[in-house]
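Please read the structure below before turning to the comments.
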Amino acid sequence: MKYLRLVLANLLRSKRRTFLTVFSIAVALFLFCTLRTVITSFEAAMRASNATRLVVRHAASLVFPLPLAYRERLAQVPGVTGITYGNWFGGYYQDPKNQFAQFAMDVSTFDALFPECVVSEPEKEAFRAERTACIIGRSLARKYGWKIGDEIPIIGTIFPGEWRFTVRGIYTGATKDVDENTLFFHWDYLDQSLPAGRRSLVGLYWLRIASPDLAPAVSRRVDAIFENSAQPTKTETEKAFQAGFISMLGNVRLLLTIIGSAIVFAILLVTINTMMMAARERTAEIAILKSLGFGDGRILFLVGAEAVLLSLAGGLLGSGLAALVFHESDFTGGGFFPNFRVLPETVVLGLGLALVMGIVSGIVPAIQAARLRVADAIRKVA
Amino acid sequence: MTSANGSLIHLRDVHKVYYRDKLEIPVLQGIDLDVDEGEFLALMGPSGSGKSTLLNLIGGIDLATRGEVQVAGESLSRLSPGRLAAWRARHIGFIFQLYNLIPVLTAQQNVELPLLLTRLSSKERRRRVLFALELVGLQDRAKHFPRQLSGGEEQRVAIARAIVADPTLLVADEPTGDLDARNAGEILTLLQRLNAELKKTILMVTHDPHAAERAHITRHLDKGVLQP
């Protein structure tokens, strides 16, 4: 601690340079935490997937619906203990940039299949009782300031027109990984509002199975039933479905990791340069400290500590800011990244990275300073 | 803390050679020197005569190419870099021509630097720093930064820094070289007081014959050879 004042005094010697270096590290760490959070939010969606839930869709593509008539046959497949269905609505609120997920769901079976969306019994009853009712996630309600009884106009894109829903319930996630940014409404309301040619069609079926071990067998059985029909199916676990959805974007994880690493590496080079410049400017002062009896190890520590403190300050600022911004903003990336929260472990990872940056950027000037020959340095000054 | 013959500084056949590219530059040639504890010795000589190099060898910030350098009972060539640094902290107080204070630290913090290497409490360090500043007459300048001090005041802070850890030997390299006559006189008087009252052994390199007159003994160095 007794050296802290000396380290801080040296860091604040050129306030502008120190600020710019801390700021550049903070920007790099902010971007790193943001990109990392894209990955963790995908992973959260995967974690929230229920191992005893299967998703059935059209074998060709998500955009092709399946007949409602499949419901009875799916329910009879051995191993299936529950079934619900729904359609992706794909609308927005007031402005196309206000995107979030909306699903038209079979209200009578929805809560049995999705117990992780926790709604109080009275709200559940109110939702079931009203054809235009909806339930919304807690984060969504907070973002737009919606409360029970509010009427929400949603502009449909897949199902054109303005659709009005009345909030009758607000659900919370049973775990922190559950998306709280979705609006669920009555599938019947959607179906009955469509022209005759578009009715009785379902985007997705969700099947509940007795045990995760049954998933491969049940999936095979379901797909075999409809294999030669006009609308063949593809059945997979919810987790596989989520993973497939993400993989449509390509190898996102690798791409984001490369971009994040490149940013951090570029800033690392800038920091190394700054630290070397700062140490070089103080060659005479380091020589004086050595003449006073400061040993090589102590000099190494002092110069290294400056670099580490500088990086940690930037890391704390960048990671902390990322956590704060995305906590306060309820950012969902247009509904693409529900639960977009910077996790504590991401902040810790960012700080760890800042620490490594500090050590790497400080090691070369610290070694140079420690190896400095006092007599030579003093002779140059004199 | 003295050598076998009882002197604080004991040099025998000391040579120092610098190498520039493949060129060999002899700076000191066969120096023999003994300085007793409590002495005030002035070392004079023209530029390039090797005065500062000799001072650096005695202060333990450079090593002789050949010969024996014994100071305060230690043979410096036998010490590892770490032990040599610790030895400097314990025995040597440096005073430089250009003061060499750390510009981002106050006078008090500059003077405290050698004490950071000790196990003293912060309270005790502060007490010693204020005492050293009082000795050099700058107790009211403790919170000033070097840029807020005159040249003479800066040198007095540097002297306070040199004496704060109570070293065995003060080595001063042209301590008045950058000062006007009045300030130079004050600094030399201060060094004389430290020698007389605190019994500090002082080795001073100077060009100035008036400065050398303040010392007990003056030795001349010419082309790396100490004159008899």
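The basis for the numbers below is simple: all heavy atoms, side chains too, and nothing from hydrogens, waters or symmetry mates. Throughout, a chain's letter reflects where its sequence line sits, starting with A, and its residues are numbered from 1.
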- [ ] Specify the closest pair of heavy atoms between A:K2 and B:L116, including all atoms of both residues, with the distance to one decimal.
- [x] NZ-O, 2.8 Å

Task: Approximate separation, where rounding is to 0.5 Å, of A:E285 CD and B:N100 CG - done: 8.5 Å

Open item on the list: Is B:E174 in contact with chain A via its backbone, its side chain, both, or neither, using a 4.5 Å heavy-atom distance?
Closed with: neither

Open item on the list: If you count every heavy atom of other residues, nucleotides or ligands that lies below 6.0 Å from A:F301 atom CZ, does the total exceed 12?
Closed with: no

Open item on the list: Looking at every heavy atom in both A:G295 and B:A85, which two are closest together, and how far apart are they?
Closed with: CA-CB, 3.8 Å

Task: A:I288 side chain reached by B:F96 side chain, heavy atoms, under 4.5 Å - done: yes

TODO: Taking atom NE2 of B:H210 as the centre, report whether more than 12 heavy atoms of other residues, nucleotides or ligands fall under 6.0 Å from it.
DONE: no

Task: Atom group of B:S80 that falls short of 4.5 Å from chain A, counting heavy atoms - done: neither

Task: Spacing of B:L117 atom CG and A:Y3 atom OH [to the nearest 0.5 Å] - done: 5.0 Å

Open item on the list: Does A:F23 have more than 12 heavy atoms from other residues, nucleotides or ligands lying within 6.0 Å of its CZ?
Closed with: no

Open item on the list: Within this structure, what is the CG-OG distance for the pair B:D173 and A:S291, rounded to the nearest 0.5 Å?
Closed with: 11.5 Å

Task: Heavy-atom proximity to chain B below 4.5 Å, by part of A:L292 - done: both

Task: Side chain, backbone, both or neither of B:R125 within contact of chain A (heavy atoms, under 4.5 Å) - done: side chain

Task: Heavy atoms of other groups near B:R83 CZ, more than 12 under 6.0 Å - done: no

Open item on the list: Does any backbone or side-chain atom of B:I61 lie under 4.5 Å from a heavy atom of chain A? Answer side chain, backbone, both or neither.
Closed with: both

- [ ] Test B:I102 against A:R13 for side chain to side chain contact (heavy atoms under 4.5 Å, CB included), laying out the working first.
- [x] CA-CA 11 Å; B:I102 309 289; A:R13 172 185 300 255; 4.1 Å; yes

Open item on the list: Quick check on A:F294 against chain B: is it the side chain, the backbone, both or neither that has a heavy atom closer than 4.5 Å?
Closed with: both

Task: pair A:R373-B:D62: side-chain heavy atoms closer than 4.5 Å - done: yes

Task: Which atom of B:P81 lies closest to which atom of A:D296, heavy atoms considered - done: CB-OD2, 4.3 Å

Task: Under 4.5 Å from a heavy atom of chain B, the part of A:L12 involved - done: neither

TODO: Sort A:R282 into side chain, backbone, both or neither according to what part of it lies under 4.5 angstrom from a heavy atom of chain B.
DONE: neither

TODO: Measure from the side-chain N and O atoms of B:R88 to the backbone N and O of A:K290, and report whether any donor-acceptor pair falls under 3.5 Å.
DONE: yes

Open item on the list: Evaluate A:L6 against B:Q109 for side chain to side chain contact (heavy atoms under 4.5 Å, CB included), listing each step before the verdict.
Closed with: CA-CA 9 Å; A:L6 182 59; B:Q109 290 165 347; over 6 Å; no

